[in-house]
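To start, the structure itself, in structure tokens.
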Amino acid sequence: MENLVSKMINVESVQESYVLPLGKRPGKLIVPLCKTIPVVNLGGGDGRDQTEIIQQILKASQEFGFFQVINHGVSVKTSSDMLSVAKEFFEMPVEDIATLYSDDSKQICRVCTSIDYDKEEVHYWRDSLRHLCHPVEEYMHLWPQKPTIYREVVATYSVEMRKLGSRLLDLIGEGLGLESGYFGDELSSEELLMINNYPACPDPSLTLGLPKHSDPNLITLLLQEDVYGLQVFKDGQWIGIEPLPNAFVVNLGHQLQIISNGMLRSADHRVVTNSSVARTTVATFIHPSSECIIEPAKPLVKAHGSPLYRAFQYKEFNSNYRAKIKDKRWRLELGLLLLLGTDGGGIGRMVELLDCSLLLLWSLAAPTREGWYRDRSGAVMEVVAGYGDDGAAVSWRWRDIAVGKRNPLHSYCGGWFK
Ligand SMILES: O=C(O)CCC(=O)C(=O)O
Ligand SMILES: [Fe+2]
């Protein structure tokens, strides 16, 4: 409980352990609110047919990896009840919130704080309550008992989110030319609800609610109240997402980028805090099952000529993603040390040792263009999709001729070492 930010009401300054290093602070710069983040009207009746709606979604998913949906069929009451109960939860006495506190990521329902409180160097200004919710009957008895209406409200909300998520996935699938129901079953069988609470912060220029990241799942639906905080990284700069009434913010996760063979983007985003009010958001993460095999969809591989990502099990991706977040400092330092002390043939060995191809790219000053890269040992790396400014879409094949192993090794996705 000592760790929860929710207990820091009325603090006058940001505790040192929340102050980010200079280059990572959001600073006082005002980020423009983005009026151009696509807003897709999912309701009919305005003369547009389904094909047009699909085209808007695909365009937004390619350019931004983010869009908002309105007229989505989820009732105002369902959303406003959800937001109220989410706020009520974090307005309870902090002792009550803390009864659900756990650092064990295997717990089905838990409260936690920041990202990985015990391992990270600097903490983020966020507490969260998270739990699985599909199928509702299987998990509902594990959800919070207070506020008393929590289970009822969240049960209705999560069923609606499942419907909306499936509808959006169907539209995306159709737009990509995939067979109908492509994203059903295993690819979208898990639903995780996460209530984020970002208390008012005495100095928002020093800290972040969440750092730059892109979501590891398939697709995320976010309900936010009328308090600004979410920013997307686009064309080398941050833009703010304007809270719209009765809208959901939709963003694509890494798995959709991979399945679409790089056609759709999983974009980086972050959360800034503010000094006047707490901000509460409700994120629904739709995930594949952990056994599910993820790979670029066959028709899109054909269209592109080759797969940009190798096939893998979703649980493999998840453990790599977590390990990379946790070990990033350690790997970065050891990697740089090895690179400095190396005799040119060291790069291949470095990758062998660290299993860390992204670090390799980073250390090589990030080749941004597609092409072949070779070090003196004869290790060859083919970058098949460029390293964008945002680092969000990078993929390469590693052909280590000298070592003759891991042939070819495809990365999953970039963006871990920024
Ligand atoms: O709370 C928000 O605005 C965004 C949350 C988010 O990006 C996440 O939970 O992954
Ligand atoms: Fe996110």
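Computed from a predicted structure; not experimentally measured. Remember, it's 1-based here, ligands and their atoms both numbered in the order they're listed. Numbering of residues begins at 1 and proceeds along the displayed sequence.
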Which heavy atom of the protein is the closest neighbour of atom 10 (O) of ligand 1, given with residue, atom name and distance?
-> H213 NE2, 3.1 Å
Proximal heteroatom of D215 relative to the Fe ion (ligand 2) (N/O/S) = OD1
How far is atom 4 (C) of ligand 1 from its nearest protein heavy atom, and which residue and atom name does that atom have?
-> V271 CG2, 3.7 Å
Within 4.0 Å of some non-hydrogen atom of L230, the atoms of ligand 1 are 3 (O), 4 (C)
So is R270 close enough to ligand 1, meaning a heavy atom under 4.0 angstrom away?
-> no
For atom 6 (C) of ligand 1, what is the nearest protein heavy atom, given as residue, atom name and distance?
-> L210 CD1, 3.5 Å
At a 4.0 Å threshold, what atoms of ligand 1 neighbour a non-hydrogen atom of L222?
-> 2 (C), 3 (O)
Protein contact of atom 2 (C) of ligand 1 - nearest heavy atom, named by residue and atom, plus distance | Y198 OH, 3.4 Å
Considering only heavy atoms of F285, which atoms of ligand 1 have at least one such atom less than 4.0 Å away?
-> 8 (C), 9 (O), 10 (O)
May I ask you to identify, for T220, whether its side chain, its backbone, both or neither come under 4.0 Å of ligand 1 on a heavy-atom basis?
-> neither
Which atoms from ligand 1 have a heavy atom of H269 less than 4.0 Å away?
-> 7 (O)
Any side-chain heavy atom of W125 within less than 4.5 Å of one from M8?
-> yes
When you check the gap from the basic side-chain N to the acidic O, do D96 and K146 get nearer than 4.0 Å?
-> yes
Counting heavy atoms not belonging to D185, are there more than 12 under 6.0 Å from its CG?
-> no
For ligand 1, note which part of Q224 has a heavy atom under 4.0 Å away: side chain, backbone, both or neither.
-> neither
Can E225 and R279 be counted as an ion pair, charged N to O under 4.0 angstrom?
-> no
More than 12 foreign heavy atoms under 6.0 Å from CD of E152: is that the case here?
-> no
Going by the atom numbers of ligand 1, which of them fall below 4.0 Å from some non-hydrogen atom of N196?
-> 1 (O), 5 (C), 9 (O)
